[in-house]
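Shown next, in structure tokens, is the structure this report addresses.
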2 protein chains.
Amino acid sequence: MDKRADIVSGAASAFEADCFRGAGIDKVLAPSGASTRTLYKHFGSKEGLVLAVLEERHRRFEERLEAAAKGADAVAALFDTLRQWLEEHGARGCMLLRARAEYSGASEEIVDLVRRQKSAFRRRVAARVEAALGREDDSLATQIWLLFEGATAAASVADLSVVNAAKAAAASLVEEAKRNAC
Amino acid sequence: MDKRADIVSGAASAFEADCFRGAGIDKVLAPSGASTRTLYKHFGSKEGLVLAVLEERHRRFEERLEAAAKGADAVAALFDTLRQWLEEHGARGCMLLRARAEYSGASEEIVDLVRRQKSAFRRRVAARVEAALGREDDSLATQIWLLFEGATAAASVADLSVVNAAKAAAASLVEEAKRNAC
DNA sequence: CACAATGTAAAGCGATCGTTGTACATGACA
DNA sequence: TGTCATGTACAACGATCGCTTTACATTGTG
């Protein structure tokens with residue numbers, strides 16, 4: 001009976017169906033059935049709710065990444081997880097980046113949160129690259145990260161096979177980096 | 001004295017500074033100084049204006065791509081043009097994809113336009129890949145496209161050097177494709 | 001001169017926005 | 001039993017939303 005979690009989860013659905021600015025308080029509260037009074041008790045403002053939704057979304061995605069990291073190829077697993085995530089949640093572009101874009105002129109706090117989240121994610125990719133390669137390779141990590149973000153964005157205007165294309169490209173780049181070490 | 005073009009150009013600035021839903025008619029009209037009456041004579045609705053802005057934006061970017069295609073390496077030139085574009089316009093993520101996200105639950109017409117624009121862009125990338133490789137390679141073209149979209153997205157939360165990383169990755173993938181042909 | 005095209009200024013439409021206030025129900029715990 | 005935290009329902013706040021309307025100025029063309 002955690003009403004706060006109910007609101008966050010329902011708000012996430014509303015923000016996906018519509019956009020952040022486009023989803024009014026009533027639409028945001030409809031899935032959880034909470035009252036406006038309760039929302040403002042917990043979050044203070046709509047912006048506070050958005051921050052909570054973004055934090056929860058990022059936490060959940062990183063959890064999923066960790067759970068799927070068992071396989072041999074840690075880099076390929078990134079893209080398998082992404083594909084599974086997009087199949088479940090739909091491909092409308094990264095929610096964090098969408099929030100950043102909508103609030104880039106309105107909330108410095110949201111812009112900053114997303115920047116930190118993406119920086120943390122890039123570090124996570126770098127750790128996987130190191131695991132696959134046996135050594136650090138920062139520019140390779142950036143390249144894999146770009147393929148990941150590219151696939152996420154492109155899936156909103158193309159089909160999900162772009163994720164497989166990104167996975168194959170990442171494998172090529174890792175293989176080439178291995179060869180260059182010999 | 002083309003007022004219509006003035007409105008489109010000014011509206012593009014407003015949509016960049018704020019977001020699409022967040023920029024009201026008054027803000028949209030402020031840069032051009034036009035009246036609401038004139039706007040609705042030309043575009044019929046705010047959605048009509050957004051469509052015109054997106055078409056203009058895409059047309060301008062493709063023009064820029066064509067103008068910069070003189071160099072030897074047609075694929076690398078893609079990323080040089082992107083970097084230059086982002087330096088001029090700022091890196092807030094692809095405007096077309098931002099519009100798609102904001103109107104995904106509100107305007108099928110905008111969603112469709114962006115899908116067609118991105119499809120055309122991917123075909124343009126494929127043509128460059130063919131020029132660089134001497135033969136068609138559809139999956140390589142997709143991979144280059146993903147690097148491009150990834151760099152565009154990532155530049156909004158990191159620095160512009162990600163564009164160079166994408167360019168280097170694209171070069172690697174093209175080189176490997178050349179080797180596989182021998 | 002007449003006229004159509006194209007523009008501006010300004011008021012106002014109903015609707016919705018994010019937010020707050022008031023009043024009441026519930027259950028846990030002292 | 002009393003109290004406190006947490007929830008609900010519902011009306012209303014001022015502001016702003018997208019959009020329409022009325023009325024008037026400017027300009028080029030026949």
Side-chain angles (χ1 to χ4, degrees), chain A residues 1-54 56 98-111 113, chain B residues 1-54 56 98-111 113:
Chain A
M1 285 273 180
D2 188 350
K3 204 68 193 178
R4 190 193 143 98
D6 282 355
I7 294 177
V8 169
S9 155
S13 304
F15 289 146
E16 295 250 31
D18 216 310
C19 66
F20 290 89
R21 307 282 280 252
I25 295 291
D26 292 351
K27 277 185 196 166
V28 159
L29 253 12
S32 57
S35 66
T36 61
R37 218 70 190 84
T38 307
L39 188 160
Y40 284 93
K41 278 261 174 70
H42 278 301
F43 304 99
S45 66
K46 186 184 180 184
E47 181 185 341
L49 172 61
V50 171
L51 285 166
V53 167
L54 296 182
E56 171 76 359
R98 286 196 287 119
R100 200 215 88 94
E102 286 190 44
Y103 287 98
S104 76
S107 165
E108 203 60 43
E109 211 167 343
I110 290 176
V111 170
L113 173 64
Chain B
M1 285 274 179
D2 188 349
K3 204 68 193 176
R4 189 194 144 99
D6 283 355
I7 294 177
V8 169
S9 156
S13 303
F15 289 147
E16 294 250 29
D18 216 310
C19 65
F20 290 90
R21 307 283 279 253
I25 295 292
D26 293 351
K27 277 185 197 167
V28 159
L29 253 12
S32 57
S35 67
T36 62
R37 204 73 185 77
T38 308
L39 188 159
Y40 285 95
K41 278 261 175 70
H42 279 301
F43 304 99
S45 67
K46 185 185 179 183
E47 182 185 340
L49 173 61
V50 171
L51 286 166
V53 167
L54 296 181
E56 172 76 358
R98 287 196 286 118
R100 201 215 88 95
E102 288 190 44
Y103 288 96
S104 77
S107 166
E108 202 61 42
E109 210 168 343
I110 289 175
V111 170
L113 172 64

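Below, chains carry the letters A, B, ... as their sequence lines are ordered, and counting in each starts from 1. Just the heavy atoms: all of them, side chains too, but no hydrogens, waters or symmetry mates, feed the values below. Computed from a prediction, not measured in an experiment: that's the story for all the values here.
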B:Leu29 atom CG is separated from D:dT16 atom P, nearest whole Å, by 17 Å
Begin with the C-alpha distance, continue with both residues' side-chain angles, and end with the deciding distance and a verdict on side-chain contact (heavy atoms from CB on, under 4.5 Å) for B:Glu102 and A:Glu102. CA-CA 8 Å; B:Glu102 288 190 44; A:Glu102 286 190 44; 3.9 Å; yes
Starting at CG of A:Asp6, measure out to NZ of A:Lys3 and round the result to the nearest 0.5 Å. 5.5 Å
Less than 6.0 angstrom from the centroid, inside 45 degrees of the normal: does A:Arg98 satisfy that with respect to the ring of A:Phe15? no
Protein N or O to nucleotides 13-15 of chain D N or O, pairs below 3.5 Å:
none

Base versus backbone protein contacts along nucleotides 24-29 of chain C [heavy-atom cut-off under 4.0 Å; B, S, -]: ------
Which of the following nucleotides, C:dG18, D:dG7, D:dC19, is nearest to the side chain of A:Lys3? D:dG7
B:Cys19 side, atom SG; A:Arg21 side, atom CZ - distance, nearest 0.5 Å: 4.0 Å
Within residues 12-27 of chain A, residues whose heavy atoms come under 4.0 Å of DNA chain C: A:Ala23, A:Gly24, A:Ile25
Could you tell me if the side chain of A:Leu49 sits less than 4.5 Å from the side chain of A:Phe20, heavy atoms only? no
Specify the closest pair of heavy atoms between B:Ala99 and B:Ile110, including all atoms of both residues, with the distance to one decimal. O-CG2, 4.1 Å
Please report the distance, rounded to the nearest Å, between CD in B:Glu102 and C1' in D:dG18. 16 Å
Measure the shortest side-chain to side-chain distance between B:Lys27 and B:Asp18 over non-hydrogen atoms and say whether it is less than 4.5 angstrom. yes
Nearest heavy-atom contact between A:Ala14 and A:Ala23 is O-CB, 4.1 Å
Specify the residues of residues 36-44 of chain A, ordered by number, for which at least one heavy atom lies under 4.0 angstrom from an atom of DNA chain D. A:Thr36, A:Arg37, A:Thr38, A:His42
Nearest whole Å is fine: how far is C:dA5 P from B:Asp2 CG? 17 Å
Would you give me the side-chain donor-acceptor pairs under 3.5 Å for residues 34-44 of chain A, sequence neighbours excluded?
unit_1  : atom_1 : unit_2  : atom_2 : d
A:Ser35 : OG     : A:Thr38 : N      : 3.4
A:Ser35 : OG     : A:Thr38 : OG1    : 3.0

With sequence neighbours excluded, tell me which residues meet side chain to side chain donor-acceptor pair (under 3.5 Å) with A:Ser107. A:Glu47
Tell me: CZ of A:Arg4 to P of D:dT6, nearest whole Å? 12 Å
Minimum heavy-atom distance B:Glu16-A:Ser104, with the two atoms named: O-OG, 4.5 Å
